[in-house]
Amino acid sequence: MPSSTCTFCSESFKTYQELVEHREEAKHFDKLYLCEVCNTRFSKQNGVENHFRDNHLPVSGKGKDDEKLNRMWDKGTYFTKSEKPEPKKEPNSDGTKRQADDNNVQKPPVKKVKKFDPTKPSTSKAGKIICCEEGVEYKYSATNIKCSGKKECRVRPGGSYMFADDTVYCMRCFGVEKRKKKDNILGDINNWRQLENVVETFEALKECGDCGGLWHESCSMTLATTTFICHRCVTGYSIPKIEIRHSCPLSQFMTERLNKLCGKPVTRNTGIAVVNFTSRRTVDLVADRPNHLKEQFRNTYGNTTNYTQRMIYVIQRTFKADCIFFSMICHEYENHAGTKYCLIDTLDSVPYFTTTATVSRGAAHHEIMLSYFDFMRRVGYEKAHLWANAPVQGDNMIFTCHPMAQKYLSQVELEGYYEKMLAKGEKSGIFKKWRNFGGFKEDVESNLRKKKDYKGIQPIHIPIFEGSQWEYFNQKYEPEPEDKENSEAANFMRKFTRNIPDNLTNTFWMDLKKRDKPMDPELLEGRRNSHEDLGDKMSFLELCVENNWEFSTLRRAQFATMGIIDVINRFTVVQD
Ligand SMILES: [Zn+2]
Ligand SMILES: [Zn+2]
Ligand SMILES: [Zn+2]
Ligand SMILES: [Zn+2]
Ligand SMILES: [Zn+2]
């Protein structure tokens with residue numbers, strides 16, 4: 001960040017922290033000149049004189065308030081001179097809510113005089129929210145609550161619901177259950193309470209150590225838990241931007257590709273930064289198979305399979321502030337029944353990517369996925385997979401609290417979104433071939449047709465991954481009681497075959513194009529970026545919830561990003 005200048009003595013400092021320390025030590029309050037219009041303070045009279053002339057004195061003299069301002073200048077009433085103030089109190093740093101009428105709030109070190117402000121009728125700032133339009137009680141956002149009624153039913157933020165014994169029903173589903181004469185599962189109706197889906201916690205406030213004004217934590221854009229000097233009290237203030245300390249060949253590759261797409265030179269304040277963190281997982285891909293298939297699957301997959309869970313975060317940097325806008329979780333099986341397989345397991349975005357004339361939001365998202373697959377093929381990965389599984393509007397996949405207005409893609413739209421990405425990838429030589437499950441099934445069956453006992457596609461022909469669509473089918477499968485005509489194998493095959501028509505278009509199967517000169521696989525395998533908070537979906541979610549980081553508004557997302565970058569830099573190595 002640029003140097004910060006003290007508004008009292010005009011001394012410059014390299015860092016904001018140094019300025020804060022200087023403010024705490026220096027005795028600037030012997031003389032105090034306060035600008036009547038904007039409340040900026042100066043230690044010398046010529047300071048406020050220069051300030052008023054440069055910032056407020058009308059140039060044309062024709063504006064609405066110009067006459068008033070000119071008169072103030074002529075009469076010398078454009079500033080107030082105050083007495084030595086009371087000693088400073090520690091700003092509110094414990095994250096608790098502080099009421100505007102709280103007696104502890106520091107009073108401003110100025111005499112009560114009639115103030116003038118051309119925009120707002122200004123009174124003193126102390127104890128008042130001065131950062132934005134939101135008040136002291138600025139609530140955090142609620143998110144969808146699952147309703148116990150229909151599968152896709154949610155209680156949306158702000159909605160009412162009925163609650164008893166850890167069970168939630170939306171008002172509509174509750175009404176349906178209540179009207180049921182038979183099999184009414186609500187029990188004693190008096191046990192149910194009506195609640196609202198709102199969060200009652202207010203955003204923490206920070207008190208400026210200088211002017212006493214209150215700032216929402218996210219408006220303050222500072223992670224410091226001690227002294228906070230607000231942006232209005234520091235000349236030439238800009239939001240401190242933390243350098244991202246991260247080095248990984250994959251991240252670097254993706255970063256370069258994205259910046260090339262955006263056509264911007266990469267500087268601290270422009271461009272895109274990609275980071276990724278991993279955790280290792282060992283799974284048994286056979287355990288959930290029905291008994292009659294276990295041996296066959298065991299022969300293919302063995303007792304356990306290892307894979308790397310990789311969380312990729314994409315951050316856009318602008319002059320104002322950094323903001324995360326995309327995240328995806330990839331699974332990398334370095335030996336999946338003899339094949340190197342990678343897949344996108346989960347993907348989430350918040351609509352804060354600043355588009356350019358040539359790069360739309362969708363194009364940026366596609367390039368993130370394509371640059372990932374491109375790197376994977378370069379280090380020798382052979383196949384890739386993804387499941388287009390449209391989330392319910394408002395559900396959180398990776399980011400906590402999306403903006404209410406963000407429209408989620410429908411299942412059909414989501415499939416189209418991936419198809420477009422895959423077509424681009426084929427054109428640019430990343431995929432040798434891609435197809436949905438319908439195409440995959442045809443390929444398998446055309447290979448099998450030559451064989452004598454051809455029976456069409458079988459469960460063993462579909463690669464199985466943790467959390468995949470076919471894994472989901474297997475977990476849902478419940479064996480029926482066997483009888484003479486229907487063996488378990490026959491029952492299973494009937495359900496398996498019946499399940500196929502519903503799932504012809506929602507999974508994608510890609511062959512990655514082989515490179516003539518592959519890169520060293522160690523660039524990937526040797527670089528597992530373990531991180532206790534950022535390498536795993538659940539721990540990332542917990543991190544955000546613990547810190548009240550949410551993505552419901554741009555400002556809150558920028559603040560969350562600042563916190564995430566801080567955590568990125570606290571790189572914690574966890575042994576695999
Ligand atoms: Zn100073
Ligand atoms: Zn001023
Ligand atoms: Zn605010
Ligand atoms: Zn419901
Ligand atoms: Zn201030």
Side-chain angles (χ1 to χ4, degrees), residues 4 6-8 16 19-20 23-24 28-29 32 34-35 38-42 85 88-89 91-92 97-98 100 105-110 122 124-141 144-156 159-164 167-180 185-186 192 194-195 197 202-222 224 227-237 239 321 392-395 548 550 552-559:
S4 303
C6 175
T7 47
F8 295 120
Y16 181 62
L19 170 62
V20 170
R23 287 287 185 92
E24 283 169 338
H28 288 114
F29 293 93
L32 189 65
L34 186 75
C35 169
C38 70
N39 287 351
T40 308
R41 293 152 197 230
F42 300 88
K88 296 273 165 202
K89 286 178 104 77
N92 177 27
K97 182 169 78 99
R98 180 169 266 181
V105 172
Q106 181 210 349
K107 295 290 179 290
V110 284
S122 157
S124 90
K125 288 175 183 177
K128 294 229 160 64
I129 297 280
I130 59 168
C131 49
C132 68
E133 298 301 307
E134 300 289 346
V136 175
E137 301 185 347
Y138 182 28
K139 285 176 182 171
Y140 286 113
S141 307
N144 283 0
I145 301 176
K146 277 194 173 122
C147 164
S148 300
K150 286 174 288 169
K151 186 176 160 247
E152 308 266 277
C153 194
R154 300 286 186 273
V155 182
R156 294 282 285 147
S160 302
Y161 62 95
M162 298 302 287
F163 178 83
T167 308
V168 167
Y169 275 103
C170 74
M171 301 312 284
R172 181 195 294 249
C173 292
F174 187 81
V176 170
E177 283 301 325
K178 215 167 99 178
R179 280 190 295 276
K180 278 185 189 166
I185 54 168
L186 298 178
W192 292 85
Q194 184 176 334
L195 298 172
N197 183 11
F202 304 124
E203 184 168 328
L205 299 175
K206 288 195 169 165
E207 183 189 22
C208 173
D210 261 8
C211 68
L214 298 180
W215 289 64
H216 299 110
E217 188 176 49
S218 64
C219 294
S220 80
M221 282 303 278
T222 171
T227 309
F228 164 64
I229 306 291
C230 85
H231 312 181
R232 295 183 182 193
C233 294
V234 181
T235 311
Y237 182 88
I239 292 167
V392 175
Q393 175 72 39
D395 275 8
N548 288 314
E550 56 172 63
S552 55
T553 67
L554 175 62
R555 179 156 35 76
R556 281 178 165 174
Q558 286 170 337
F559 180 68

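Computed from a prediction, not measured in an experiment: that's the story for all the values here. Remember, it's 1-based here, ligands and their atoms both numbered in the order they're listed.
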Peer 1: Check whether any side-chain N or O of R172 sits under 3.5 Å from a backbone N or O of C153 as a donor-acceptor pair, and report yes or no.
Peer 2: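 Such a contact is absent between R172 side chain and C153 backbone.
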
Peer 1: How large, to 10°, is the angle at the Zn ion (ligand 5) when you draw lines to SG on C208 and to SG on C211?
Peer 2: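 My answer is 100°, to the nearest 10°.
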
Peer 1: Which word best sums up how the rings of W215 and H231 line up, parallel for under 30°, tilted for 30 to 60°, or perpendicular for over 60°?
Peer 2: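 Rings of W215 and H231: tilted, as their planes differ by 30° to 60°.
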
Peer 1: Can you see which heavy atom on Y169 is nearest to which on L186, and at what distance?
Peer 2: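 Taking Y169 first and L186 second, the nearest heavy atoms are CE1-CD2, 3.8 Å.
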
Peer 1: Any side-chain to backbone donor/acceptor pair from N144 onto Q393? Under 3.5 Å, distance only.
Peer 2: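 Side chain of N144 to backbone of Q393: a pair is present.
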
Peer 1: Decide yes or no on side-chain contact (heavy atoms from CB on, under 4.5 Å) for F559 and M221, but give the supporting numbers first.
Peer 2: CA-CA 6 Å; F559 180 68; M221 282 303 278; 3.9 Å; yes

Peer 1: Quick one: report the N, O or S atom of H216 that is nearest to the Zn ion (ligand 3).
Peer 2: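 Looking at H216, the N, O or S atom with the least distance to the Zn ion (ligand 3) is ND1.
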
Peer 1: Which residues and atoms, protein N, O or S only, are under 2.8 Å from the Zn ion (ligand 4)?
Peer 2: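 Listed by chain and number, the nearby protein N, O or S atoms are C147 SG, C153 SG, C170 SG, C173 SG.
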
Peer 1: Write down the atom of E134, the atom of I129, and the distance for their closest heavy-atom approach.
Peer 2: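 Closest approach of E134 to I129: O-CG2, 3.3 Å.
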
Peer 1: Do the side chain of N197 and the main chain of V155 share a donor and acceptor less than 3.5 angstrom apart?
Peer 2: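 Looks like yes, one N/O pair under 3.5 Å.
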
Peer 1: Just to the nearest 10 degrees, tell me the angle at the Zn ion (ligand 3) spanned by C131 SG and C132 SG.
Peer 2: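 The two atoms subtend 120° at the Zn ion (ligand 3).
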
Peer 1: At their closest point, which heavy atom of E203 faces which heavy atom of S218, and how far apart are they?
Peer 2: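 For E203 and S218, the tightest heavy-atom pair comes out as OE2-N, 2.6 Å.
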
Peer 1: May I have the angle between C233 SG and C230 SG with its vertex at the Zn ion (ligand 5), rounded to 10°?
Peer 2: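 The SG/SG angle about the Zn ion (ligand 5) sits at 110°.
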
